[in-house]
Structure formats: C-alpha cells, structure tokens
Amino acid sequence: MTLIRILLIALVAWLILRMIKTRLDRHTEHKKTQTDQIGAMVKCHHCGLHIPKQEAIESANHYYCSQEHRQLEQQDD
Ligand SMILES: [Zn+2]
C-alpha cells in the first residue's frame, strides 16, 4: 500500500508542476506578443539607423535616433 501512496503523491505533485509550467508558458507567450507589438522599427532620417519606434524622436513626420541627429537635420533645412 505504501508504494501506491508514493505513486499517488508523485502523480499529484507532477500534475501541480504541470499546471504551474502551463501558466508560466502562457505568461511568457503573452510577454512575447507584447514585445512584437512594441517591436516596430523606424529609420533615422539623418543616419539611416533602425531604432524601435518607442525610442525614436519624432519631428516633422520624420524619425531620428537621437536629439543630436534631429537638430543636425533641422539645421540643414
Ligand atoms: Zn541617426
């Protein structure tokens, strides 16, 4: 009877671990989807460097990788 009890405990423990793992996987997948949405890339109008849209500096319908490049490009105009 002891062996069956051990097997039952092991089974329950395995089921709990599997549940936790499934939840963690779902959480990771959700995170990945969010990153994909944020991951839009834009090109710096001055040097052509590709940067995430979130980090880009937008000015006069153009994107720039830094304030410096934004200023340089505006000085040329
Ligand atoms: Zn640039």
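What you see is a predicted model; the values in this text were computed from it and never measured. Remember, it's 1-based here, ligands and their atoms both numbered in the order they're listed.
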Query - Whether His46 has an N, O or S atom under 2.8 Å from the Zn ion (ligand 1) - result: no

| said: Within the supplied structure, the quantity of interest is the number of heavy atoms (other residues, nucleotides, ligands) at a distance under 6.0 Å from Glu58 CD; does it exceed 12? | reply: yes

NE2 of His46 to CD of Gln75, rounded to nearest 0.5 Å, is 9.5 Å

| message | Are the side chains of Gln67 and Ile57 in contact, using a 4.5 Å heavy-atom criterion? | response | yes

The Zn ion (ligand 1) -> His69, closest N, O or S atom is ND1

Between the NZ atom in Lys21 and the CE atom in Met19, the distance rounded to the nearest 0.5 Å is 14.5 Å

- Query: Is the distance from the Zn ion (ligand 1) to the nearest N/O/S atom of Cys44 under 2.8 Å?
  - Reply: yes

